[in-house]
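First the proteins, then the strands, lettered A, B, ... as listed; each starts at 1. This structure is a prediction, so every number in the text was calculated from the model and none was measured.
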2 protein chains.
Amino acid sequence: MVRNPPPPRPEASGPAADERRGQILAAASRLFRSRGLGGTGMREIAAEAGMTAGNLYYYFGSKDDLLAFCQEVSLADLNALARRAVAHAARADARLHWLLVGHVRVLNELHPGSLAHLEIEALPEARRQPLLARRKAYEHAFHQLIDAGVAAGVFRPVDASLATLALLGAVNWTVRWFDASGRMHADEVGREFADLLVRGLLAPGVELETLADDALSADAPPEALEP
Amino acid sequence: MVRNPPPPRPEASGPAADERRGQILAAASRLFRSRGLGGTGMREIAAEAGMTAGNLYYYFGSKDDLLAFCQEVSLADLNALARRAVAHAARADARLHWLLVGHVRVLNELHPGSLAHLEIEALPEARRQPLLARRKAYEHAFHQLIDAGVAAGVFRPVDASLATLALLGAVNWTVRWFDASGRMHADEVGREFADLLVRGLLAPGVELETLADDALSADAPPEALEP
DNA sequence: CAGGATATTGAACGATGGTTCGAAACCCTC
DNA sequence: GAGGGTTTCGAACCATCGTTCAATATCCTG
């Protein structure tokens, strides 16, 4: 006879719990960044969030849950950005530039030190799939923008997949060294990076165009995020 | 009365042991790559290298020893490359391009999946310092090449420190996704990346110059590496 | 073939990690 | 202030991790 799985432990819900989850996520991100992912324990995360290890499990069923949540949030924000960039009417180089600046800001300013989609490998197979799909969607936006630029003659002909990985590598790497208390703000770093990276794609003779970067997705567009 | 530290346990020496250490390093690198650093245990590394956990300690005094060795080897190769690039007579863009290609190859072809200088934070303070010094030296080479290019009017004026981080981010990121059995070889990826990144630095109107990339440092220059 | 140095094993130890759980504390509402 | 839901604690559990070590196998040398 098959035994029913134990009743799913009651997971906290409601706006208060969501708020708390946000605090935990922030604390975890901070620690993940300085001590590495495997190097930070639940007790440390709890302490950083001003609570007890046992209490953490009232909000997250497991460390994997916490990690997956961490990445879902970042990926959702990144994808929201990407959708806006793809839908925008400006030239491909301007849109790509704008997206790159936003990317750096989301990773270092909105979710400081967030691992974003950086450590998917650390999750068990079952959790990976949905996150990988979202990451793929995000990369697809870069692919699209680059192809659009090539088609328009704004970019020189490049392998869009490879170029995507180059751009993402550079901007993702910022979480390793960016220091919010340092001499530069996230958006300044983002602009310098985007300048360099998008210029690397331009066809000879084309001048880089840019867009004004606006507010981050925290108080952003009215359209809802995907479910 | 101060007790003498226990006699330093005999650590294997000789060419045979060095060979074995090389195998272990390769196995460890492979696992670190797929499972992450904190996620791989000594037992797994040992198994991957075809031996027992206890046996590992005949070659490395601790996991930190192993990790530090891993990074020293990669950094030594990278710095050897960097010294050649800095000493070379060609134009700055060509030298930087050559160095970037070499970097990708060292990380993905010579030491597949090596974490290189990527996870220094995981080491205890004492170990970090010498590695950080070597990394700093390596970054300094990029800084030099970029400044030289700017001075020569080959590159547009950029923040050399920031540009260095952008370039290194892109090429370091390759260890996350590069697959030796994939459609591209490490040197092809390296060239595409170097093209994009160095072009991003060029001053308007300047055409990219490149150097032929030669053999990797395995059978490389006669000058000795530093001790 | 003997015998010592070199390699390797497998079991064990202590510490730490994620996790569970019953009980206490807190916070509302009636 | 009694009572029920929500939240928090703290101790304990068990697996795993890095590590040690005495014993054994393997290899080379005389």
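- Under the rule for a side-chain contact (heavy atoms from CB on, under 4.5 Å), the partners of A:A137 that lie at least two apart in sequence or sit in another chain are A:N79.
- Within the structure, salt bridge (Lys or Arg N to Asp or Glu O under 4.0 Å) pairs that include any residue of residues 164-182 of chain A comprise A:R176-B:E119 (at least two apart or interchain).
- Rounded to an integer number of Å, the gap from CG of B:L66 to P of D:dG18 is 10 Å.
- The distance between atom NZ of A:K63 and atom C1' of D:dC14, rounded to the nearest whole Å, is 17 Å.
- As a whole-Å value, the separation of A:Q23 CD from D:dT8 P is 9 Å.
- Of the residues in residues 34-41 of chain A, those placing a heavy atom less than 4.0 Å from an atom of DNA chain C are A:T40, A:G41, in numerical order.
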Once base and sugar-phosphate atoms are separated, protein heavy atoms under 4.0 Å mark nucleotides 7-14 of chain C, 5' to 3', with B, S and - as BBBB-B--

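- For B:S161, the side-chain hydrogen bond (donor to acceptor under 3.5 Å, both in side chains) partners two or more places apart in sequence, or in a different chain, are B:H143.
- By the side-chain contact (heavy atoms from CB on, under 4.5 Å) test, B:R43 is found to be paired with B:A53, residues two or more places apart in sequence or in another chain being considered.
- For the pair B:D65 CG and D:dG18 P, the interatomic distance rounds to 14 Å; values are reported in whole Å.
- For B:S29, the side-chain hydrogen bond (donor to acceptor under 3.5 Å, both in side chains) criterion is met by no residue, not counting sequence neighbours.
- C:dA15 atom C1' lies 16 Å from atom CE of B:M42, rounded to whole Å.
- With sequence neighbours excluded, the residues that form a ring-ring contact (aromatic ring centres under 6.0 Å, His included) with A:F69 are A:F60.
- Ring geometry for B:H103 versus B:F142: interplanar angle over 60°, hence perpendicular rather than tilted (30 to 60°).
- Here B:A163 pairs with A:L196, B:I146, B:V158, B:L201 under the side-chain contact (heavy atoms from CB on, under 4.5 Å) rule; sequence neighbours left out.
- A search for side-chain hydrogen bond (donor to acceptor under 3.5 Å, both in side chains) contacts involving A:D18 returns nothing, not counting sequence neighbours.
- Remark: C1' of C:dT6 and CZ of B:R21 are 13 Å apart, rounded to the nearest angstrom.
- Around atom CD of A:Q129, no more than 12 heavy atoms belonging to other residues, nucleotides or ligands sit under 6.0 Å away.
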Under-3.5 Å N/O pairs linking protein and nucleotides 23-27 of chain D:
none

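- The side-chain contact (heavy atoms from CB on, under 4.5 Å) check on B:A26 picks up B:R30, with sequence neighbours excluded.
- Going from atom OH of B:Y57 over to atom P of D:dC21 covers 13 Å, rounded to whole Å.
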